[in-house]
Asks: 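Below is a structure I'd like to ask you about.
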Number of protein chains: 2
Amino acid sequence: MSKPTIYSIAQRCGVSAATVSRAFNRPELVSEPVREQIMAAARELGYQPSSAARGLVTGRAETIGLIVSDITNPFFPLLVRAVQRTAERMGSALMLVDAEESAAAEVAHVARLRSRVDGVIVASPRSSSAALREAARGLPCVLLNRPLRDLSSVICDNTSALFDAGDHLYKHGHRSFALLAGPSASWAAARRSQAIRRWARGRGVELTELGPFRATFKGGRQAGAALLETAATAAFAFDDLTACGVLAELAGRGVAVPGERSVVGCDDVLLAKTVTPSLTTVTAPMDDLGETAVQVLTRQIEAPGGAPEHVRLPGVFVARDSTGPRSGS
Amino acid sequence: MSKPTIYSIAQRCGVSAATVSRAFNRPELVSEPVREQIMAAARELGYQPSSAARGLVTGRAETIGLIVSDITNPFFPLLVRAVQRTAERMGSALMLVDAEESAAAEVAHVARLRSRVDGVIVASPRSSSAALREAARGLPCVLLNRPLRDLSSVICDNTSALFDAGDHLYKHGHRSFALLAGPSASWAAARRSQAIRRWARGRGVELTELGPFRATFKGGRQAGAALLETAATAAFAFDDLTACGVLAELAGRGVAVPGERSVVGCDDVLLAKTVTPSLTTVTAPMDDLGETAVQVLTRQIEAPGGAPEHVRLPGVFVARDSTGPRSGS
DNA sequence: CGGGGGAATGAAAGCGATTGCATGGATTCT
DNA sequence: AGAATCCATGCAATCGCTTTCATTCCCCCG
């Protein structure tokens with residue numbers, strides 16, 4: 001027997017297909033006994049409404065797309081989880097694509113998803129603003145961690161948390177700092193560097209800028225090596241992955257952390273807690289970020305052409321074991 | 001103007017909708033000039049075929065589902081990438097759901113995906129065999145890392161690599177081992193434990209079994225603590241995450257690795273290379289696993305009701321810095 | 001020069017749902 | 001009692017595409 005449809009059920013219950021459809025979508029329009037009979041038949045036949053058919057008539061795919069620049073970056077899994085969970089709560093499925101770090105792939109994927117989703121979330125896009133704008137034309141779209149005037153965005157702003165991080169180090173007696181800058185193409189990297197510079201200026205402490213380094217473990221090792229050539233006793237790494245590289249490099253050279261140098265990361269990926277010493281870092285509110293992104297997107301979908309929304313969520317400083325009092329002196 | 005359809009294009013080009021459809025799907029059936037004209041018009045109008053409409057008539061969603069038991073487990077990102085990449089090459093999109101470690105959620109998600117995908121891959125399922133079988137009834141399905149007679153499966157078999165790991169330790173002079181068992185509900189855990197037992201028996205060395213421990217960082221710390229109460233100089237952790245926990249616990253207690261104890265993990269997640277010391281482990285062929293799973297699934301989709309396939313891919317032992325010669329003695 | 005065959009195209013029937021409108025019966029109001 | 005409502009349901013159009021079958025036109029061969 002082929003897949004059950006509303007017609008199989010209708011026939012079996014001696015009603016019309018419309019009634020079956022209503023029993024599912026507007027149950028209050030169907031009398032109780034009929035509705036129950038229909039539900040029973042549906043369960044018995046293992047009926048599942050065809051989302052293609054429904055999508056065709058409603059014009060909604062009940063699906064959203066999520067494009068991540070690099071799924072292997074430990075930053076993303078928690079985000080993916082939050083997005084998926086929220087989407088599901090809103091009755092939508094999640095289509096995930098991994099751009100594998102290619103800007104070109106990003107926009108190509110947006111194009112490919114167009115016909116299958118109601119809207120997309122692009123996380124930490126690497127593409128140019130123009131390319132993004134063009135790719136999203138006529139498609140509800142929310143950017144994550146990348147502001148852009150004409151498109152909605154949800155960003156995590158770590159400025160104040162980085163100030164806290166700086167103060168934390170300052171209180172521990174540190175007076176000479178290093179800024180291990182992230183990739184120059186990254187909006188987040190620019191923003192973080194800027195925050196740290198401002199903080200250092202405000203505090204009147206010495207700040208040595210190094211980099212940019214790639215946002216990878218290897219890049220972190222290079223950053224660590226560079227750090228050792230300075231007199232800085234504390235360093236701000238671009239993100240946790242970089243920070244882990246720094247830690248590894250320092251450990252490899254027998255430099256104690258936090259004994260001789262303190263290191264702070266950013267993002268608070270899973271890695272941060274598991275590495276030794278555990279990382280002092282800035283926690284990004286992943287759940288909120290993902291949830292908010294989906295909500296904003298949903299609004300865009302329901303009111304196409306509406307004004308773009310911009311949401312800013314702050315990160316939170318968290319002290320762990322990679323920072324401590326300034327060494328000996 | 002509303003979304004362009006094949007009709008808009010047909011009208012614009014003075015041909016019928018059927019011709020437009022053919023121009024896309026069976027270009028050899030359309031004369032060259034007409035085809036080009038259609039393509040030009042399509043590009044100009046920004047036409048994107050509605051996959052809902054196509055899906056409705058072809059009965060194919062051109063989408064596959066991937067259910068992972070826990071996306072935050074570092075084992076998965078590479079797998080997701082491999083699956084997505086392969087699916088895309090086959091012209092399919094990927095719907096991802098995260099069961100958040102709940103067995104009940106797994107089967108519920110299979111049910112939810114049913115109507116939107118052509119088939120599903122369930123990675124490292126936690127559900128009971130019966131529940132899985134029932135959930136997959138009538139839906140092409142491939143299990144990853146979980147064999148089950150009536151369903152197709154792709155598994156990573158680490159038996160021989162674990163033998164290599166044992167031999168590697170043996171050559172370094174170790175004679176007393178600990179087995180830090182993984183969750184008892186996990187097929188992989190059972191299989192790995194069994195392999196290690198067999199190896200130890202074959203070698204005639206002492207093997208202390210500890211656990212089971214949860215497959216998390218915390219579980220690893222407990223395992224590390226337990227390890228220290230034994231005289232074993234080398235330990236097999238269930239997976240890399242556990243191994244990282246062990247490392248952290250040992251480091252926290254000032255026990256040198258590999259100086260005093262050697263530790264081997266399993267899976268070779270990203271973490272394994274980044275942790276200090278880097279983990280000696282067993283590399284799972286993620287790309288192959290993902291690719292094979294999609295291929296097997298595709299075959300199931302094309303030949304529904306065909307016999308289930310079972311593929312077994314071996315892991316590969318890789319020595320890094322968490323293992324070394326037996327301590328002093 | 002007539003007919004067979006092939007290539008290019010069109011007409012139309014669905015695919016499985018949703019939904020506006022029409023209908024008929026029961027209920028209520030005056 | 002007749003009219004006005006209202007509720008539950010059915011009819012039929014529609015969403016955008018694929019695909020079968022029929023049609024037309026042209027070329028080639030006997």
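Scope of the values below: all heavy atoms of this structure, side chains included, with no hydrogens, waters or symmetry mates.
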Asks: Side chain of Ser21(A), backbone of Ala17(A): donor and acceptor closer than 3.5 Å?
Replies: no
Asks: For dT9(D), does OP1 or OP2 lie under 4.0 Å from any side-chain N or O of Thr19(A)?
Replies: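 No.
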Asks: Between the side chain of Asp118(B) and the main-chain N/O of Glu62(B), is any donor-acceptor distance below 3.5 Å?
Replies: yes
Asks: Measure from CZ on Arg35(A) to P on dA8(D) and round the result to the nearest Å.
Replies: 9 Å
Asks: Can you tell me which nucleotide in dT9(D), dG16(C), dC17(D) comes closest to the side chain of Ala53(A)?
Replies: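 For the Ala53(A) side chain, the nearest candidate turns out to be dG16(C).
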Asks: So which one's nearest nucleotide on DNA chain C is more toward 5', Val15(B) or Ala17(A)?
Replies: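 In this pair, the answer is Val15(B).
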Asks: Arg60(A) has an atom CZ; how far is it from atom C1' of dA17(C), in whole Å?
Replies: 16 Å
Asks: Any carboxylate oxygen within less than 4.0 angstrom of a Lys/Arg side-chain nitrogen, looking at Asp98(B) and Arg85(A)?
Replies: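 Not counted as a salt bridge, because no side-chain N and carboxylate O are separated by less than 4.0 Å.
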Asks: Looking at dG10(D), dG16(D), dT18(C), which one has an atom nearest to any side-chain atom of Arg22(A)?
Replies: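 Nearest listed nucleotide: dG10(D).
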Asks: Want to settle it: does Gly14(B) or Val20(A) sit nearer the 5' end of DNA chain C, counting the closest nucleotide to each?
Replies: Gly14(B)
Asks: Tell me: CD1 of Ile38(B) to P of dT18(D), nearest whole Å?
Replies: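 Rounded to whole Å, this separation is 12 Å.
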Asks: Specify the separation, in whole Å, of atom CD of Glu32(A) and atom P of dA8(D).
Replies: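 The answer, rounded to whole Å, is 11 Å.
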Asks: For Ser16(A) and dG10(D), is the shortest distance between a side-chain N/O and OP1 or OP2 below 4.0 Å?
Replies: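 Answer yes for this pair, as a side-chain N or O of Ser16(A) is under 4.0 Å from OP1 or OP2.
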Asks: Can you see if the side chain of Ser31(B) gets near the phosphate of dT9(C) - specifically, an N or O under 4.0 Å from OP1 or OP2?
Replies: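 True: Ser31(B) side-chain N/O within range (under 4.0 Å) of dT9(C) OP1/OP2.
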Asks: Checking contacts here: which listed nucleotide (dT19(C), dC17(D), dC15(D)) is nearest the side-chain heavy atoms of Leu56(A)?
Replies: dC15(D)
Asks: Taking atom P of dC7(D) as reference, at what distance in whole Å does atom CG of Leu29(A) sit?
Replies: 10 Å
Asks: When you measure from the side chain of Val57(B), which nucleotide among dT9(D), dT18(C), dG14(C) comes out closest?
Replies: dG14(C)
Asks: Rounded to whole angstroms, how far apart are CG on Asn25(B) and C1' on dT20(D)?
Replies: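 Atom CG in Asn25(B) sits about 15 Å away from atom C1' in dT20(D).
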Asks: Inspect the contact between Arg81(B) and Asp70(A) and indicate whether a charged nitrogen and a carboxylate oxygen are less than 4.0 angstrom apart.
Replies: yes
Asks: Does a side-chain N or O of Tyr7(B) approach OP1 or OP2 of dA11(C) to a distance below 4.0 Å, or not?
Replies: no
Asks: Heavy atoms under 4.0 Å, any strand shown: does Thr5(B) hit a base, just sugar-phosphate, or nothing?
Replies: sugar-phosphate
Asks: Between Leu45(B) (CG) and dG16(D) (P), how many Å, whole number?
Replies: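 Spelled out: CG on Leu45(B) to P on dG16(D) is 14 Å.
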Asks: Check whether the side chains of Ser152(A) and Gln300(A) place a donor and an acceptor atom closer than 3.5 Å, and report yes or no.
Replies: yes
Asks: So what does Ser50(B) touch, heavy atoms closer than 4.0 Å: a base, only the sugar-phosphate, or nothing?
Replies: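 Sugar-phosphate: the residue Ser50(B), judged by heavy atoms under 4.0 Å, touches backbone atoms but no base.
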Asks: In whole Å, I'd like the distance from the CD atom of Glu28(A) to the C1' atom of dC7(D).
Replies: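 Computing the Glu28(A):CD to dC7(D):C1' distance gives 12 Å.
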Asks: Just do the side chain to side chain donor-acceptor pair (under 3.5 Å) check on Ser127(A) and Glu106(A) with the steps written out, would you?
Replies: CA-CA 7 Å; Ser127(A) 309; Glu106(A) 267 171 26; 2.5 Å; yes
Asks: At under 4.0 Å between heavy atoms, what does Phe24(A) touch on the DNA or RNA strands: base, sugar-phosphate, or nothing?
Replies: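 Nothing, no heavy atom under 4.0 Å.
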